[in-house]
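Keep in mind that this is a model prediction, so the values were computed, not measured.
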Amino acid sequence: FSHAGEIMLSGNLFDGYLKHECQANDYYASGDLGYLDDDGYLYLTGRKKNCFITSFGRNVAPEWIEKELTCHPAIAQAVVFGEARPYNIALITARQNKQHIVEAIKQANTQLPDYARLSAWLHTDEPFSITNQQLTANGRPRREIIWTVYEKRINQIYQQNERSQNEIL
């Protein structure tokens with residue numbers, strides 16, 4: 001692992017591939033974040049390129065928060081943003097009504113440290129999909145495209161000094 005929690009790989013990863021020979025002490029960055037538990041099991045917590053840093057300097061892997069949200073039956077899809085902001089916002093595709101979503105967020109927040117908790121959320125206009133180019137072919141969110149679609153509304157929430165109707169604070 002690198003100092004930033006990135007999983008580093010070594011070994012004969014590329015032996016014979018494109019005439020490249022690996023040295024025993026070569027390490028390659030995987031782009032994945034994770035950790036080993038006390039029993040030696042590897043846990044993936046996110047992708048390095050998706051991490052953002054809050055205005056308080058905390059590194060956040062949004063996949064971790066999104067997993068906590070989508071474990072609840074009220075939430076079908078979630079994408080979290082918070083780069084250089086004082087709190088995190090989720091875009092949520094709902095399976096159930098607003099009250100169930102609020103409860104799901106409160107439940108998820110109990111599993112997260114303060115810097116990773118959600119303070120606001122928005123309903124998505126439609127589910128993220130390959131058709132609307134908001135998901136990759138293997139089902140991962142295309143964060144840049146999603147941001148472009150929802151940027152104005154997300155920024156409006158951040159600009160409001162008072163609580164919006166969807167705010168969880």
Determine, stepwise, if the pair T124 / Q134 fulfils side chain to side chain contact (heavy atoms under 4.5 Å, CB included).
CA-CA 11 Å; T124 57; Q134 294 175 2; over 6 Å; no
Is the CZ atom of R153 crowded by more than 12 outside heavy atoms at less than 6.0 Å?
yes
Near Q133 CD, under 6.0 Å, is it more than 12 heavy atoms from other residues, nucleotides or ligands?
no
Is a side-chain N or O of D39 found less than 3.5 angstrom from the main chain of Y41, in a donor-acceptor match?
no
Which class fits the ring pair W147 and F81: parallel under 30°, tilted 30 to 60°, perpendicular over 60°?
tilted
Is the shortest heavy-atom distance from the side chain of R142 to the side chain of T136 under 4.5 Å?
yes
Can you confirm whether D38 is buried at CG, in the sense that more than 12 heavy atoms of other residues, nucleotides or ligands lie under 6.0 Å from that atom?
no
Nearest heavy-atom pair of Y150 and H123: which atoms, and what distance?
CE2-O, 4.3 Å
Should F56 and F52 be counted in the same cluster of Ile, Leu, Val, Met, Phe, Trp and Tyr side chains packed under 4.5 Å apart?
no
Just how far is it from atom CD of E63 to atom NZ of K67, taken to the nearest 0.5 Å?
11.5 Å
Are a donor atom and an acceptor atom from the side chains of Q107 and Q111 found within less than 3.5 Å of each other?
no
Looking only at heavy atoms, the pair that brings A120 and Y87 closest together is CB-CE1, 4.1 Å
Do L69 and L118 come within less than 4.5 Å of each other through their side chains, counting heavy atoms only?
yes
Would a 4.5 Å heavy-atom cut-off, applied to side chains only, mark C51 and N59 as touching?
no
I89: which of V79, V80, N155, I157 passes side-chain contact (heavy atoms from CB on, under 4.5 Å):
I157
Decide side chain to side chain contact (heavy atoms under 4.5 Å, CB included) for V149 and L91; before the verdict, give the C-alpha distance in whole Å, the side-chain angles of both, and the deciding distance to 0.1 Å.
CA-CA 11 Å; V149 172; L91 295 169; over 6 Å; no
Checking the side chain of S55 only, and the main-chain atoms of A84 only, is there a donor and an acceptor separated by less than 3.5 Å?
no
Using atom types as modelled and distance alone, determine if a side-chain donor or acceptor of Y158 lies under 3.5 Å from a backbone N or O of P86.
no
Contact summary for A104 and I75, nearest pair of heavy atoms
CB-CD1, 3.7 Å
Please report the closest heavy-atom contact between I101 and A94, naming both atoms and the distance.
CD1-CB, 3.2 Å
By salt bridge (charged side-chain N to carboxylate O under 4.0 Å, His left out), which residues pair with R95, not counting sequence neighbours?
none
Hey, does the side chain of E83 reach the backbone of I53 with a donor-acceptor pair shorter than 3.5 angstrom?
yes
Look up atom CD in E151 and atom CD in Q156, then write down how far apart they are to the nearest 0.5 Å.
11.0 Å
Going by side-chain contact (heavy atoms from CB on, under 4.5 Å), name the residues that satisfy it together with A116, two or more places apart in sequence or in a different chain.
W64, I65, L112, P113
Cluster check I145, L135: I/L/V/M/F/W/Y, side chain < 4.5 angstrom
no
Considering residues at least two apart in sequence or located in another chain, which fulfil the side-chain contact (heavy atoms from CB on, under 4.5 Å) criterion with E126?
N132
